[in-house]
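Encoded as structure tokens, the structure appears first; notes follow it.
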Amino acid sequence: MPTRALIACHECDLLQRETPLPPGGSARCQRCGAQLYRYRRGSLDRSLAFTLAALVLFALANTFPIVGLAVGGDLVQTTLLGAVAALYAQGMWLVAGLVLLTTIVTPFTELAAMAYLQLPLKFNRVPRAMPQVLRTLNLVREWSMVEVFMLGVLVALVKLARIADVVPGIALWSFGALMLLTAAAKAAFEPHQLWLRAGGAR
Amino acid sequence: MSTVQPSAARSGLLLCDGCDLLSRAVPGAPRQECPRCGASIHFRKPNSIARTWAYLIAAVILYIPANVLPVMETGSLFGAQRDTILSGVVYLWNSGSWELAVVVFIASIVVPLAKIIALVFLLLSVQLGATWQPRQRTRLYRVIELVGRWSMLDIYVITILVALVQIKALATITAGPGTVAFGAVVVLTILAAMSFDPRLIWDRLENAHGATAARE
């Protein structure tokens, strides 16, 4: 039997009552200070906009090469998928799988889930399987690491710049923008407000 | 916000990790599912302490080959060169990019170690029933969760290098066995942080104040 208007803190389990917030407000746990939920006006629009833009950039980031190496007259380029394939070809399939998961599968799943939840709600329709998708989103969040990947590429480029000319590819800038847009989309994402909206929709 | 009762668990309510719904616990039910999203719900993360220890011990065991075995093997006209994580840091330092050397050193060597030490500290504090500074310990847990992912850095560096440096006339780079061990360490420390339930920290406080024991 579900109980409404009571919430528990994820970090210290303190039972508290849900109270409506003024715009810009954020509710913190009385005992441990963890943020419970917040309310910023237009959060759905903002998050949805960032999410959709990020999805476009995701497509770009995986279609074009990230970086190339020019040695002599040759140019060796790679996309992210190509790099994963190279690891796999060397027999490092566990590492290849880990990179694939953390830089392609989970970032996409995160964005797709946020879009799936927020797009129908924008038009006041409740998306089907909303709780399951939200649950998937929470599961996947921990494993999406595009920003770490970006730093990794940077370090690799610096190492390579010593031995040859480094040619940044379109995907490099796309990934950088993707990283920023995903961060913005997640910062604006407010599941609490989505539940309130879903409760009032239809 | 008014406090109703100390904790959800003591009030017989289960918090769903997936969708934040509170549900009444059915006494005697071996497993319960969230009525809204179907996730299996528990008072506390199941076997939190045992699982976290298991992941940490495995991470510590694999930390050794991760740093001893080479993560990268460079073959060139001048012969083969094997690099461990540490020698990669040293290379960056010597070639003038000391900022990146520091970054890689922190990400690949300090962070996994610090995570393990911090989680061991948290586990021991919970197992010994400590009531000392719960807010700070919860904060420590939050930091561990945030910072853990950055230890994946070197894996991505190696990925790019392997993909690009395949010029037979000049040099070829292949990933070494240390990479698998290191990847495993990162995954294990992340799993360890995910399996630790920070609410256990606060349960100890409630126990100490003479309340009925919270279920684990």
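Residue numbering restarts at 1 for every chain, and letters A, B, ... go by the order of the sequence lines. In this text, all values refer to a predicted model and were calculated from it rather than measured experimentally.
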Which atoms of [X] come close to chain B, meaning under 4.5 Å heavy atom to heavy atom: side chain ones, backbone ones, both, or neither?
| X | result |
| --- | --- |
| A/Glu142 | both |
| A/Leu94 | side chain |
| A/Ala34 | both |
| A/Val71 | side chain |
| A/Met145 | both |
| A/Val155 | both |
| A/Gln77 | backbone |
| A/Val67 | both |

Can you see whether [X] engages [Y] through a side-chain donor-acceptor pair at a distance of less than 3.5 angstrom?
| X | Y | value |
| --- | --- | --- |
| B/Gln32 | B/Ser23 | no |
| A/Glu110 | A/Ser144 | yes |
| A/Thr102 | B/Tyr156 | yes |
| B/Ser195 | B/Thr52 | yes |

Review point. Salt-bridged, A/Arg38 to A/Glu190, with N to O below 4.0 Å?
Key: yes
Review point. Would you call A/Asp13 and B/Arg44 a salt bridge, using N to O less than 4.0 angstrom?
Key: yes
At a 4.5 Å cut-off on heavy atoms, which part of [X] comes close to chain A: side chain, backbone, both, or neither?
| X | value |
| --- | --- |
| B/Pro134 | neither |
| B/Ile173 | backbone |
| B/Val26 | neither |
| B/Arg135 | side chain |
| B/Val187 | both |
| B/Ser97 | side chain |
| B/Cys34 | neither |
| B/Leu100 | side chain |
| B/Leu92 | side chain |
| B/Asp154 | neither |
| B/Tyr91 | side chain |
| B/Arg142 | side chain |

Check your understanding: Distance from B/Asp20 atom CG to A/Arg135 atom CZ, nearest 0.5 Å?
Key -> 13.5 Å
Practice item. Go through B/Gly183, B/Ser95, B/Gly38 and name the one with the most non-hydrogen pairs under 4.5 angstrom from chain A. Key: B/Ser95
Review point. For the candidates B/Ile160, B/Ile201, B/Val165, B/Leu15, which exhibits the highest count of non-hydrogen atom pairs separated by less than 4.5 Å from chain A?
Key: B/Leu15
Please report the shortest heavy-atom distance between [X] and [Y], naming the atom on each side.
| X | Y | result |
| --- | --- | --- |
| A/Tyr39 | A/Leu21 | CD2-O, 3.3 Å |
| B/Ala175 | B/Val162 | N-CG2, 3.6 Å |
| A/Val140 | A/Thr106 | CG1-O, 3.6 Å |

Among [options], single out the residue with the greatest number of heavy-atom pairs under 4.5 Å to chain B.
| options | value |
| --- | --- |
| A/Thr136, A/Val99, A/Leu154 | A/Val99 |
| A/Glu147, A/Met130, A/His192, A/Met150 | A/Glu147 |
| A/Ala86, A/Ala164, A/Ala156 | A/Ala156 |
| A/Leu137, A/Val133, A/Leu69 | A/Leu69 |

Point to revise | Under 3.5 Å: donor-acceptor pair, side chain of A/Asp74, backbone of A/Ala70 | key: no
Point to revise | Verdict with reasoning, A/Ile104 to A/Asn62, per side chain to side chain contact (heavy atoms under 4.5 Å, CB included) | key: CA-CA 8 Å; A/Ile104 298 181; A/Asn62 282 297; 3.6 Å; yes
Exercise for review: For A/Phe108, look at atom CZ and say whether over 12 heavy atoms of other residues, nucleotides or ligands are found less than 6.0 Å away.
Suggested key: no
Review point. Considering residues, nucleotides and ligands other than A/Arg141, do more than 12 of their heavy atoms fall under 6.0 Å from its CZ?
Key: yes
**Study point:** Test log, rule side chain to side chain contact (heavy atoms under 4.5 Å, CB included), inputs B/Asn67 and B/Leu86
**Key:** CA-CA 7 Å; B/Asn67 279 294; B/Leu86 202 55; 5.5 Å; no
